[in-house]
Structures are given as structure tokens and as C-alpha cells.
K.L.:
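My questions all concern the structure below.
Because the structure is a prediction, the values reported are computed rather than measured. We're numbering straight along the sequence, starting at 1.
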Amino acid sequence: MVAGAVNLNNAALGRLSIEAPRYARDSVGVGIAHIGAGHFHRAHQAMYIERLLQQGLAQEWGICGVGVMPADWTMRDVLRDQDGLYTLILVKPDDRREAQVIGSIIDYRYAPDDPEAALAVLAAPATRIISLTITEGGYRDPDGPAFTLITEALQRRRQRGIAAPTIVSCDNIESNGEIARRAVLANAENRDPGLARWIADEARFPSSMVDRITPATTVQMAENVRRDFGVNDRWPVVAEPFAAWVLEDEFADGRPPLERAGVLLVDDVAPYELMKLRLLNAGHQCLAYFAHLCGFEFVHDAARDPLFADFLLGYFESEAIPTLPPVPGIDLHDYSRALIERFTNAGVRDTVARLCAYSSDRIPKWLVPVINDNLANDGPVRLAAAAVASWARYAEGIDEWGEPFEVVDQLADSLIPIARTQYENPTAFIEITAVFGNLAAQPAFVQAYRWALESLHDKGARATLEALVR
């Protein structure tokens, strides 16, 4: 520990040199149970609730984090030792840093060790919102721990005459509210059809769009917080200054005044959702695998390379934006150019490895829909097809210098052997219908994909990009 640095907990709040909660945390009640209180939730939704608490507007809307995965024990221990407090550091493009201690998470329950404690908060009358950041892959199995826990809590609420909550997905999935609704109802139907009907009638599942680039916390980040701000925080969060939250205003049992914190409440989140998924999230995928193959470690270094910037802007302008409806209050071309600037923020130190991980959950939800829409309307798919080819080349797990690397993906055991057969069968990878649907049967896509894959194999990633942007 740095000499003179303060251990972060409630007792230290009056001795910190940075902004910290000015409200009485012991008077804040739990109104929101959040499943998956990782780095993004703490940089985003918890920050918005903190804004309200600092204004004296959300005393009944404090957050209880709920961990459902075995690995969540680390977060349990850190938040317990730090009384739920943590430091949020916003890094500006000029590397100036603003630090704030967030106090909106006032409790944490770890379901693997104590499911009853988790169920108690999920089923409590005061808990009127259950929110989720369980990653895109977390919705694949309606019988997974998150939805099993939610359904049991809803069963108890129904039996006790407690109002149904609002369930808010904050994951990067198109129509995330409807996806969450289907998962909860599928789980409930297997238990009790009557419960499923009650949930369908009483609960609400608004869709949302969330946006803030937030890399995973590293040991170096914690050391920087000690050095720069005098705070011993075992799990700080670093993020870019930009943040957005667009949320459908459909709640079952009240909500905090989120509009006072900068949340945009709308009747239909779909245009904002599509914009973010097909530009920011799919743009990250267009950059990630080419960047890895070219040897970049950090996103900002790749995004600052004019070749990568031209490729991204070409994808945004010629392939992604034409598939999008108008978005109220937003110029899509300005948004796209601003995205590239956001990607170049060196202070965030977002890693290429983070963007490359769990691709089988991401590419089908973010990039494949752009391709399908363009194919249906005779639009161009050349750049998106090249991005898919770059993933296929990356999935071989061997770089351009012949060195092996780890492919982090839930389907890695099946993807890697298939990818390594594509020298003999160039369409082997895109024939995985569970990931790509029928893209392997679309001649316009296959032609563009095969050209890019052949170029990646024969000429390498940089030469392929140069040919694509010429």
C-alpha cells in the first residue's frame, strides 16, 4: 500500500481528497437488485443512481448487487471489505482524470454460497426493479442461474401478494427487454404455467440501450488510484467520459426519477438500440481481429492508425448506417465519426483481447444482422464479410508469426478445429449454422468472405485492409 493512502470504506469518507457520497448511506434503502454487478454496471447504472442520491432524490432506490456465478466471490469480498464503495475514474482523451467514490451499491448477496439471502432481496416488497448485466451469452439458457433465481423470487412474490417488479436488461442485445421476458417466462412455464401467466400480466420488461466504454480493471489501475488519488481501492473502475442510457418508460411498480440523472426515457428504444449495436459494438468487432492479427495490444493504438480508421468509417457509412432507421435527436454520421474518436482514447487503455473474447456471443447479435439486412436489400457486405473472415482467421489460434495464442470463447473447443480446416475448405467456418444461420448459402456474402479469407492467409491482415479501403 502507498504510504498515506486511505483504505476505502465508510469510515474514510470524510478524509478523502476526491468527490465522495455526501448523503447518509445508512439511510438509503434497497430498491434495485442488480444481477451481475461487474465493472460495466459500476461505471454505468450505479453511477446514474449515485447522481440521484447526491441530489437527495433516490433514498429508496439504493442497489443490492447479486452475484450468481462462482467467480463473483471476488466482488463479494471487495464490496464487503469496502462497504460497497469503489472509485470511478473517468479518463479524458488528453489523459486528464476525474475520480469519484460511488456509494449507490449498499449491499451485496452471493447466491452460490447463500441463495436464500439473494432470494430474500429479490423477493422483498421494497425491491421494485431487478436489473441485469449477465453478458450476451447469459441469455442463451433460460434455465441458467440468473433466470432460475429470478423465477423463484417471482414465485415467492406471487404467493405472498407482493407486486411484480420491473426487470431491466442492460446487456448489448437487440430487444433486450423482450429477450429477458422470454427467458423468464420459459423458466416459469417449466415450473408452473400459472406463474408464467402472472408474470406476463404483472411484470414489465422495458428494453434499454447502454453505452460507455469500460475496460476490465487491472492491478495497474488500482495502483494508479493509490498513487494519484491516495485511495486504497482493490477494485476501481476506469471508463471514458461519455455515457448514455436510453430506457423505455414502462415500469410495473414505480421508478426513480432517472431523467434527473441524464437517462433518456422513451416510448421505443429500438432505434437507439440498433444504432449502438450496429455501430459501436459491431465496429469494435470490425476492428478487433484485424488489430490482433496486426499485433496491436490496445484499441486506441489500432484506432489511431489511419488504415483502421478508414476501414471503420467505410463500414459505418456504406454498410451499417444504411440499415438503420432515423434516431431521434442523433445524426448517425456524426455519431460514427465520434465513435472513432472515442476508440482513440489512450487513457482508457481498452485492450484488443477484451474485444476479441466471446465472439460467438457477439458477432451473431451485432454484425450478422447488418449483413443479413444488406443481403436482403442488395446492399454491400464487402467490409462486414471481411470482418467475419478476420474472426475466422483469428479463431485458428495462431498469429501471423506462427505463434499460438489463446482464443477465449465459450465455443472455442469446437471453433478452433473447424477454423483450422479452412485452408482446405474455405467456407468451413461460416457453415456453423448455430452462429451464422444460412450465410454460407448466400453467394454475395460467400464471394466477399472467401476473397478476404484468402487474402488474410496469403498476404496478411494489413495488406488485406489496404486492399479493402483502396
K.L.:
Using the side-chain contact (heavy atoms from CB on, under 4.5 Å) definition, which of the options T421, L415, V435 pairs with F429?
P.N.:
L415
K.L.:
Donor-acceptor pair, R42 side chain versus W235 backbone, under 3.5 Å?
P.N.:
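Answer holds: yes.
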K.L.:
Are there more than 12 heavy atoms of other residues, nucleotides or ligands under 6.0 Å from atom CG of D413?
P.N.:
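Counting other residues, nucleotides and ligands, CG of D413 stays at 12 neighbours or fewer.
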K.L.:
Hey, does the side chain of Y110 reach the backbone of P115 with a donor-acceptor pair shorter than 3.5 angstrom?
P.N.:
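No.
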K.L.:
Spell out, as yes or no, whether a donor-acceptor pair under 3.5 Å connects the side chain of S208 to the backbone of S169.
P.N.:
yes
K.L.:
Kindly say whether I129 contributes a backbone atom to a donor-acceptor pair with the side chain of T166 at under 3.5 angstrom?
P.N.:
no
K.L.:
Please report the closest heavy-atom contact between P271 and V327, naming both atoms and the distance.
P.N.:
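That closest heavy-atom pairing would be O-CG2, 3.6 Å.
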K.L.:
Test D83 against N9 for side chain to side chain donor-acceptor pair (under 3.5 Å), laying out the working first.
P.N.:
CA-CA 5 Å; D83 297 323; N9 53 41; 5.2 Å; no
K.L.:
Going through the checks in order, is the ring pair (Phe, Tyr, Trp, His ring centres under 6.0 Å) test met by W391 and F436?
P.N.:
CA-CA 12 Å; W391 175 33; F436 296 107; 5.7 Å; yes
K.L.:
Return yes if a side-chain donor-acceptor contact under 3.5 Å exists between E319 and N374, otherwise no.
P.N.:
no
K.L.:
State whether the side chain of K276 and the backbone N or O of V210 hold a donor-acceptor pair below 3.5 Å, judged by distance alone.
P.N.:
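Here the side-chain-to-backbone pair exists.
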K.L.:
With a 4.0 Å cut-off, would you call R234 and D77 a salt bridge?
P.N.:
no
K.L.:
So which atom in S131 and which in I32 form the shortest heavy-atom distance, rounded to 0.1 Å?
P.N.:
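Taking S131 first and I32 second, the nearest heavy atoms are OG-CG2, 3.7 Å.
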K.L.:
Check the surroundings of atom CD in E431: do more than 12 heavy atoms from other residues, nucleotides or ligands lie under 6.0 Å from it?
P.N.:
yes
K.L.:
Charged N to carboxylate O under 4.0 angstrom, R304 versus D301?
P.N.:
no
K.L.:
With a 4.0 Å cut-off on N to O distance, would you call K92 and E98 a salt bridge?
P.N.:
yes
K.L.:
If you measure from the Lys or Arg side-chain nitrogens to the Asp or Glu carboxylate oxygens, is any gap between R470 and E466 under 4.0 Å?
P.N.:
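Between E466 and R470 there is no salt bridge, as every charged N stays at least 4.0 Å from the carboxylate O atoms.
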K.L.:
Would you say M221 has more than 12 foreign heavy atoms packed within less than 6.0 Å of its CE?
P.N.:
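Result for CE/M221: enclosed.
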K.L.:
Would you say that more than 12 heavy atoms from the other residues, nucleotides or ligands in this model lie under 6.0 Å from the CZ of R80, or not?
P.N.:
yes
K.L.:
Could you tell me whether F298 atom CZ has more than 12 heavy atoms of other residues or ligands within 6.0 Å of it?
P.N.:
yes
K.L.:
Any ion pair linking R342 and D211 (charged N to carboxylate O, less than 4.0 Å)?
P.N.:
yes
K.L.:
Can any side-chain N or O of E248 pair as donor or acceptor with the backbone N or O of L265 at less than 3.5 Å?
P.N.:
no
K.L.:
Counting only N and O atoms by type, is there a donor-acceptor contact under 3.5 Å from the side chain of R278 to the main-chain atoms of L367?
P.N.:
no
K.L.:
One thing to verify: whether R255 and E259 come together as a salt bridge, which I'm taking to mean a side-chain N less than 4.0 angstrom from a carboxylate O.
P.N.:
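Looking at R255 together with E259, the answer is yes, because their closest N to O distance falls below 4.0 Å.
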K.L.:
Picking from V299, D350, T351, L355, what satisfies side-chain contact (heavy atoms from CB on, under 4.5 Å) with P215?
P.N.:
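That would be D350.
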K.L.:
Could you verify whether a donor N or O on one side chain and an acceptor N or O on the other, from H34 and T133, lie under 3.5 Å apart?
P.N.:
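Side chains of H34 and T133: pair found under 3.5 Å.
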K.L.:
Between R226 and D233, is the closest basic N to carboxylate O distance under 4.0 Å?
P.N.:
no
K.L.:
Taking atom CD as the centre, does Q447 end up with more than 12 heavy-atom neighbours from other residues, nucleotides or ligands that are less than 6.0 angstrom away?
P.N.:
no
K.L.:
Hey, is E396 close enough to R393 for a salt bridge, meaning N to O under 4.0 Å?
P.N.:
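A salt bridge is present here (some side-chain N lies under 4.0 Å from a carboxylate O).
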K.L.:
Could you check whether any side-chain N or O of E454 sits under 3.5 Å from a backbone N or O of W451, counting only pairs where one atom can act as donor and the other as acceptor?
P.N.:
no
K.L.:
Determine whether a donor-acceptor pair (N or O, by modelled atom type, separation under 3.5 Å) exists between the side chain of D409 and the backbone of S359.
P.N.:
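Yes; judged by distance alone, with no hydrogens or angles, the pair exists.
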K.L.:
Classify the ring geometry of F311 against F290: parallel below 30°, tilted from 30° to 60°, perpendicular beyond 60°.
P.N.:
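Answer is perpendicular, since the angle exceeds 60°.
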K.L.:
Flag the pair F343 / H300 as yes when their ring centroid distance falls below 6.0 Å, and as no otherwise.
P.N.:
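Between H300 and F343, which both carry aromatic rings, the centre distance is not below 6.0 Å.
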K.L.:
Mind listing the closest non-hydrogen atom pair of F316 and G283 along with its distance?
P.N.:
CE2-CA, 4.0 Å
